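These numbers come from a predicted model, not from an experiment.
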Amino acid sequence: MTASSAEPVIRLRDLTRVYQMGETEVRALDGVTLDVAPGEFLAVMGPSGSGKSTFMNILGCLDRPTSGTYVLEGVDVSTLDRNERAGIRNDKIGFVFQNFNLLSRTSALENVELPLLYSRKHRLSDAEQLVKARECLGRVGLADRWDHTPAQLSGGQQQRVAIARALVNDPSIMLGDEPTGNLDSRTSDEVMGIFQALNEEGKTIVLITHEHDIAEYARRVVAFRDGRLVADELVKARRSAKGAR
């Protein structure tokens, strides 16, 4: 599936984030303007301190810009209060992290089910929640591991659980923060195969990575340096992970 020409799912205009470090002003983001269309697969790159993590935190409604606008599906997120941003964070955005962030003493199924307990979008019975969580585990190839705790799963399997958890509330956009950073090359290919499959189904994906080979799984790559957007290019020779799924 290719990116749509419809209204952008993400629209950023002159986005700036300033931190005050003692007497020093740090412009973590400095006037970023960017659109992400529905169905895009965008990789975000840049050296340490470039602003990509601040960018991801703002996209994920974990932080607010100092100035500029962030519009998500027609809603200016930069004007919302903490509770309103929390609602968007749970219902419209799916997060996948480098360290998986799974609850260690609960099963894969319970980890995936957790976001449904806080959802404002879904009002499901306990039985319906279990069915939905099982379906999401099935989508990432872990239907038979539903009762395993994270300690009983490999790193790649844990990341699959994290992806299933990110999917369970049917988000508009999935954000991946170095999702292959703790995985070996083969497992990274398998995880990127899942992301590519989800993108082909129509999911919009924004992925932070410092690895050029991982960025090549995306359709478009942007790069940050010193808080500014310095590159924005389509991937000409896109890698396919179909054989790894």
*In one Ile/Leu/Val/Met/Phe/Trp/Tyr side-chain cluster, 4.5 Å: Leu175, Val75*: yes

*Any side-chain heavy-atom pair from Glu178 and Thr209 closer than 4.5 angstrom?*
yes

*Would you please test Val161 and Arg145 for side chain to side chain contact (heavy atoms under 4.5 Å, CB included) and show each step?*
CA-CA 9 Å; Val161 173; Arg145 297 287 192 273; over 6 Å; no

_Between Phe55 and Leu29, is the side chain to side chain contact (heavy atoms under 4.5 Å, CB included) condition met? List the steps._
CA-CA 7 Å; Phe55 172 77; Leu29 291 178; 4.1 Å; yes

*asked:* Within the structure provided, determine whether Ile58 and Leu12 are in side-chain contact (heavy-atom separation under 4.5 Å).
replied: no

*Under 3.5 Å donor-acceptor, Asp14 side chain and Val32 backbone*: no

*Given the rule that I, L, V, M, F, W and Y join up when any side-chain heavy atoms are under 4.5 Å apart, are Leu80 and Met56 in one cluster?*
yes

*Examine Tyr217 together with Phe195 and report whether their ring centres are nearer than 6.0 Å.*
no

*Given side chain to side chain contact (heavy atoms under 4.5 Å, CB included), test Ile214 with Leu207 step by step and report yes or no.*
CA-CA 9 Å; Ile214 294 298; Leu207 182 83; 3.9 Å; yes

_Reported CG-to-OG1 distance for the pair Asn111 and Thr149, which is rounded to 0.5 angstrom_ = 9.5 Å

*For residues Glu233 and Val221, determine if any side-chain heavy atom of one lies less than 4.5 Å from a side-chain heavy atom of the other.*
no

*Does the side chain of Val36 come within less than 4.5 Å of Ile173's, by heavy atoms?*
no

*Step by step, would you call Glu190 with Arg186 a salt bridge (Lys or Arg N to Asp or Glu O under 4.0 Å)?*
CA-CA 7 Å; Glu190 293 173 353; Arg186 182 178 181 279; 2.6 Å; yes

*asked:* Tell me whether Gln159 contacts the main-chain N or O of Pro179 through its side chain, where contact means a donor paired with an acceptor under 3.5 Å.
replied: yes

*Do Ile88 and Val71 share a hydrophobic cluster, counting only Ile, Leu, Val, Met, Phe, Trp and Tyr and linking them when any side-chain heavy atoms are less than 4.5 Å apart?*
no

*Minimum heavy-atom separation for Cys61 to Val77, with atom names?*
SG-CG1, 3.4 Å

*Are the side chain of Ser50 and the backbone N or O of Pro47 linked by a donor-acceptor pair below 3.5 Å?*
yes

*Heavy-atom pair with the smallest gap, counting every atom of Ser78 and Gly68*: OG-O, 3.8 Å

_Passing option when Arg13 is tested against Thr33, Asp35, Thr69 for side chain to side chain donor-acceptor pair (under 3.5 Å)_ = Asp35

*Distance, nearest 0.5 Å, that separates CG of Leu142 from NE2 of His148*: 9.5 Å

*Minimum heavy-atom distance between Tyr70 and Leu59, given as atom pair plus value*: OH-O, 2.7 Å

*Evaluate whether atom CZ of Arg228 has more than 12 neighbouring non-hydrogen atoms of other residues, nucleotides or ligands under 6.0 angstrom away.*
no

*asked:* So Leu229 and Phe224, do their side chains get closer than 4.5 Å, heavy atoms only?
replied: yes

_Any side-chain heavy-atom pair of Arg238 and Glu216 under 4.5 Å_ = no

_Looking at every heavy atom in both Asn90 and Pro115, which two are closest together, and how far apart are they?_
ND2-O, 3.2 Å

*Is a side-chain N or O of Arg17 found less than 3.5 angstrom from the main chain of Arg64, in a donor-acceptor match?*
yes

_Under 3.5 Å: donor-acceptor pair, side chain of Asn57, backbone of Leu62_ = no

*asked:* I'd like to know if the side chain of Thr54 and the backbone of Ala28 have a donor-acceptor N/O pair within less than 3.5 Å.
replied: no

_Rounded distance [0.5 Å steps], CE in Met192 versus CD in Glu211_ = 9.5 Å

*Enter the distance from Asp76:CG to Leu72:CG here, rounded to the nearest 0.5 Å.*
10.5 Å

*Check whether any side-chain heavy atom of Phe41 sits under 4.5 Å from a side-chain heavy atom of Val235, and report yes or no.*
no

_Inter-residue atom distance Leu137.CG - Gln157.CD, 0.5 Å rounding_ = 11.0 Å

*Report yes if some heavy atom in the side chain of Trp146 is under 4.5 Å from a heavy atom in the side chain of Val112; otherwise report no.*
no

*Determine whether Leu103 and Leu117 fall in the same hydrophobic cluster, where Ile, Leu, Val, Met, Phe, Trp and Tyr are linked whenever their side-chain heavy atoms lie under 4.5 Å apart.*
yes

*Look at the side chain of Thr204 and the backbone N and O of Gly39, then say whether any donor-acceptor pair between them is shorter than 3.5 Å.*
yes

*Identify the two heavy atoms, one from Leu183 and one from Gly156, that lie closest to each other, and give their separation to 0.1 Å.*
CD2-N, 3.8 Å

*asked:* Would you compute the distance between atom CG of Leu42 and atom CD1 of Ile208 and round it to the nearest 0.5 angstrom?
replied: 10.0 Å

*Does Thr16 use its side chain to pair, donor to acceptor, with the backbone of Gly31 at less than 3.5 Å?*
yes

*For the residue pair Ser107 and Asp147, confirm or rule out a side-chain donor-acceptor distance under 3.5 Å.*
no

_Minimum heavy-atom distance between Asp170 and Lys132, given as atom pair plus value_ = OD2-NZ, 3.2 Å

*asked:* Using the rule given for side chain to side chain contact (heavy atoms under 4.5 Å, CB included), can you reason through Leu198 versus Ile163, listing the C-alpha separation, both sets of side-chain angles and the distance that settles it, and then say yes or no?
replied: CA-CA 10 Å; Leu198 293 171; Ile163 293 171; 3.9 Å; yes

*hydrophobic_cluster_shared for Ile10 and Met45, side chain cutoff 4.5 Å*: no

*asked:* Distance alone, cut at 3.5 Å: any donor-acceptor contact between the side chains of Asn101 and Arg165?
replied: no

*Answer yes or no: are there more than 12 heavy-atom neighbours, outside Arg11 itself, under 6.0 Å from its atom CZ?*
yes

